Every structure is written in structure tokens, then in C-alpha cells.
Amino acid sequence: MSNVLSTREQAAWSLSGDWLLVVVNLWKQFQPEYGRNTPFGSQENNATDLTWLERHRLQNVQYFILLSLLISFSVFYSMGGYFQYFYYIKRREQSEEWKCQPNKFLTKENERHEFIAGSVNMACGATVSGILACFILNGGYSTLYYSASERGWLYFVLSGPIYYLYIDGVSYYLHRTFHNPYLYKKIHKHHHRYHQPTAFSAVAMHPVEFFMYQAVMALPIFTVPIHAGVFLTVLMYFYYYGMIDHSGVKMDAIWPWQPPSTFHDNHHQYFHCNFGFNSLLFDWMFDTLRKEGRVYGEDIFGGRGRSIENDKEK
Ligand SMILES: [Zn+2]
Ligand SMILES: [Zn+2]
């Protein structure tokens, strides 16, 4: 089991390079003056002496991007590879014991597809994260703050659950919107070609969709004061369960609010239901939880399936 733990811990270091913001955060804790001593902080510098990158607070951006790509891919491949090797290869014959959908596997073509699509999104996400981290570290605009007491402890403590609910709610709506027949066929269907998802499926989707989720998560760091530690903890949590929930491996979460991995696996199996990711709250509120005794399918839109009687009449 120690392997499971170590892989989970690695996953906590994020999928798309946002770990770099961890570095920014730590750096700011110990070097609060960094960024103020950039050419922008000094009155002596003439703005015309600055390079294009310096003017946009992106000096050394190439190192940020390189490092971001390097670590993102290491984490993505080691976690995805772990599940592939220890479950999909070593325990393939015993899939009744561990798999959400026993004896059903992706085709070789879909395995290749998710690996390539996931890697491309990962590369783009890590590049953007590297640029953002560089911008913030060089003193660029952000509403992140670094001292927990700066806005009071109550604000600090409550901002975590609020940020969590914000992501859970907005990603529910966003995901449900992508299940509208038009958007589903044009965009979201790419993610749903994986009827038996694996950890690599977590970021294998249409790039438009991928960037919308990324934007939802990143928006608060430019709009609402949020402690960098709170932001990163919640973000890492979401990435971690993003991969676990697509792994295809039956797992209960340690947190009572987090659904087991079968919840999102069911979404891939039954299509238009279970739209949430990190709680059942919004599916429960809008009656889109999968129910026994209803019929679901890729052409049954709306989130509530069809009654068995109606299905028999057809
Ligand atoms: Zn979906
Ligand atoms: Zn999915």
C-alpha cells in the first residue's frame, strides 16, 4: 500500500503545473521583497531600458515554463503509469476485485488517444501555469496574499470551504452545460469516448473545455483576496481527486463530502447524470443523481434518464 500512498502524494503536486504557484508562495514567504526589487520597483530605471519580457513582468519565463513542464509531466506519467502497471497490467485478470467496471477496458486506440490528448492539454496547461507563476513572482498583479492574519483568521478559515464550494458549483454548471446536446456533440463528446476512464482521461478533453475548467479555478487569484496556501490546498485536492475519480479503480474518499471514485466512473458509463465532481450537493439539488430503475444512454439528455416503461414503449 505504500506505493499507493506515495503515488497519491505525488498526485497532490498537481497536474497542470500549478505546483509552481507553490514555489511562488514559499518564495514570497521567505523573500517578501522579491518582486519589489524588479526593474518596476526601482525609481532609477528608465522604462525604455527594459526588455519586452521585463516590461510584462516575464523575465526568466523560459525557466518557469521548462520547470513547469518537467514536473507536470513527471507527476502525470508517474501517477497514470502507476495505475496502469499495478492495476491494468498486473491485476487485469482480477478486475472484479478492484475495477469500477469489471472486465471492461478501453480499446487500444482510446488508450492512445487519451494519452496524447491528455499530454497535449498538460503541456498547454503547464506552459500557462509557468507564465502565470513567473508574472506573479515578478510582482505582477494578483489578489493572492501570503500572511494568514492579514485579513483576519475568520476570513482565512472560511475562504477554504467557500473556494471549494465555488469550484464545485461552477464546475457542476459548466459540466452540465457541456451536456447540452449541441455542446456535447461538438466539444464534450471527446472526453466521453472513454467509457471506462483511466487516470490519463482526467485531462484528456477538448482544449476549450480544459481551459474553461482551468480558468474557473484560477479566476480567484485575480479577483478575490485569497491566501496562497488556501488556494493551493484546495487546488491540489481537486487535481488529486480528478485523477482518482478517472482511475477506474474503486476507491472511497477519506472525506465524507467527497463521493467515491465510482460516482464519476458512473458518469462515463451512463453519460448524462452525476455531473458534479467533489460533492453530491448540486446533483442532489437539481435531481441529476443516477438512479436505479432509470435508463441512461448517450442519446438520453437532461440528467434524469428515462423511465423503464417509456423505454419499453419505444
Ligand atoms: Zn461529462
Ligand atoms: Zn470525466
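Atom set for the values below is all heavy atoms of this structure, side chains included, hydrogens, waters and symmetry mates excluded. No experiment lies behind these values; they were computed from the predicted model shown.
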Do R290 and Q269 pass the side chain to side chain contact (heavy atoms under 4.5 Å, CB included) test, and can you show the C-alpha distance, the side-chain angles, and the key distance before you say yes or no? CA-CA 11 Å; R290 184 182 80 89; Q269 190 177 357; over 6 Å; no
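- Between the CG atom of L165 and the CD1 atom of I167 there is a distance of 10.0 Å, given to the nearest 0.5 Å.
- Proximity of a side-chain donor or acceptor of Y155 to a complementary backbone N or O of E150 within less than 3.5 Å is not detected.
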Side chain to side chain contact (heavy atoms under 4.5 Å, CB included) evaluation trace for S68 with S72: CA-CA 6 Å; S68 183; S72 296; 4.1 Å; yes
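- Using bins of under 30°, 30° to 60° and over 60° for the plane-to-plane angle, the ring pair F277/H264 lands in the tilted bin.
- Each side-chain hydrogen bond (donor to acceptor under 3.5 Å, both in side chains) pair with one or both residues in residues 197-208, not counting sequence neighbours, appears once here: E114-T198, E114-S201.
- Here the CG-CG distance, from L137 to L132, works out to 12.5 Å after rounding to the nearest 0.5 Å.
- Between the side chain of D287 and the main chain of R304, no donor-acceptor pair closer than 3.5 Å is present.
- At least one donor-acceptor pair under 3.5 Å links the side chain of N121 to the backbone N or O of M205.
- Distance alone, capped at 3.5 Å, places no donor-acceptor pair between the T262 side chain and the C100 backbone.
- With S247 contributing its side chain and I244 its backbone, the two residues share a donor-acceptor pair below 3.5 Å.
- Here OH of Y166 is found 13.0 Å from CD1 of I162. Values are rounded to the nearest 0.5 Å.
- Closest non-hydrogen pair, A148 versus Y145, comes out as O-CE1, 4.3 Å.
- Between the side chains of H113 and H190, no donor N or O sits under 3.5 Å from an acceptor N or O.
- Taking W98 as the reference, Y87, Y88 meet the ring-ring contact (aromatic ring centres under 6.0 Å, His included) condition, with sequence neighbours excluded.
- With rounding to the nearest 0.5 Å, the separation of NE2 in H272 from CZ in R176 is 12.0 Å.
- Within the 3.5 Å criterion, the main-chain N or O of Y146 finds a donor-acceptor partner in the side chain of H227.
- For H267 (side chain) and C273 (main-chain N/O), a donor-acceptor pair under 3.5 Å exists by modelled atom type.
- One hydrophobic cluster holds both Y85 and Y77 under the rule that ILVMFWY side chains link at heavy-atom gaps under 4.5 Å.
- Note on L219 and F211: same hydrophobic cluster, where clusters join Ile, Leu, Val, Met, Phe, Trp and Tyr whose side-chain heavy atoms are under 4.5 Å apart, directly or indirectly.
- Side-chain N/O atoms of H179 and H192 include a donor and acceptor closer than 3.5 Å.
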Under the criterion side chain to side chain contact (heavy atoms under 4.5 Å, CB included), I'd like the reasoning laid out for S279 against W284: C-alpha separation, chi angles, the key distance, then a yes or no. CA-CA 9 Å; S279 80; W284 172 76; over 6 Å; no
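- Nearest heavy atoms, S142 versus L144: OG-N, 2.9 Å.
- Atom NZ in K189 sits 14.0 Å away from atom CG in L183 (nearest 0.5 Å).
- Atom-to-atom distance recorded for Q59:CD and C134:SG is 6.5 Å, nearest 0.5 angstrom.
- Note on M217 and F76: same hydrophobic cluster, where clusters join Ile, Leu, Val, Met, Phe, Trp and Tyr whose side-chain heavy atoms are under 4.5 Å apart, directly or indirectly.
- A tilted orientation is assigned to the rings of F86 and Y82, their planes being inclined by 30° to 60°.
- No donor-acceptor pair closer than 3.5 Å links the side chain of H195 to the backbone N or O of L106.
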Check the pair V203, Q214 against side chain to side chain contact (heavy atoms under 4.5 Å, CB included), reporting the backbone distance first and the verdict last. CA-CA 11 Å; V203 287; Q214 297 283 303; 5.9 Å; no
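- Here F271 is tied into one hydrophobic group with Y184, F301, each link being a pair of ILVMFWY side chains closer than 4.5 Å.
- A donor atom on one side chain and an acceptor atom on the other are found under 3.5 Å apart for Y164 and W257.
- Separation of the Y173 and F275 ring centroids does not fall under the 6.0 Å cut-off.
- One finds no salt bridge joining E97 and K99 here, because no Lys/Arg side-chain nitrogen approaches an Asp/Glu carboxylate oxygen to under 4.0 Å.
- Around the OH atom of Y141, the shell of radius 6.0 Å holds more than 12 heavy atoms that belong to other residues, nucleotides or ligands.
- Nearest heavy atom pair, residue H268 against residue Y194, reads ND1-O, 2.9 Å.
- In terms of heavy-atom proximity, F64 sits nearest to G130 at CB-O, 3.5 Å.
- When every heavy atom of V249 is checked against every heavy atom of S261, the shortest pair comes out as O-OG, 2.7 Å.
- Under the 30°/60° scheme for interplanar angles, the aromatic rings of Y213 and F178 are found to be tilted.
- Side-chain atoms of N274 come within 3.5 Å of backbone N or O of F263 as a donor-acceptor pair.
- F238 and Y172 fall into different hydrophobic clusters, where Ile, Leu, Val, Met, Phe, Trp and Tyr side chains are chained together by heavy-atom contacts under 4.5 Å.
- Looking only at side-chain heavy atoms (C-beta outward), Y296 and K291 come within less than 4.5 Å of each other.
- The closest donor-acceptor contact from the side chain of T143 to the backbone of I221 lies under 3.5 Å.
- Of all the heavy atoms in F135 and H56, the pair that sits closest is CD1-O, 3.6 Å.
- By the rule that hydrophobic residues join a cluster once side-chain heavy atoms approach within less than 4.5 Å of another member, I226 and F222 end up as members of one cluster.
- Shown here are the salt bridge (Lys or Arg N to Asp or Glu O under 4.0 Å) partners of E111, two or more places apart in sequence or in another chain: K108.
- Looking at residues two or more places apart in sequence or on another chain, you find no salt bridge (Lys or Arg N to Asp or Glu O under 4.0 Å) involving R151.
- Annotation for E96: atom CD counts as buried by contact number, over 12 foreign heavy atoms lying within 6.0 Å.
- Under the rule for a ring-ring contact (aromatic ring centres under 6.0 Å, His included), the partners of Y163 that lie at least two apart in sequence or sit in another chain are F231.
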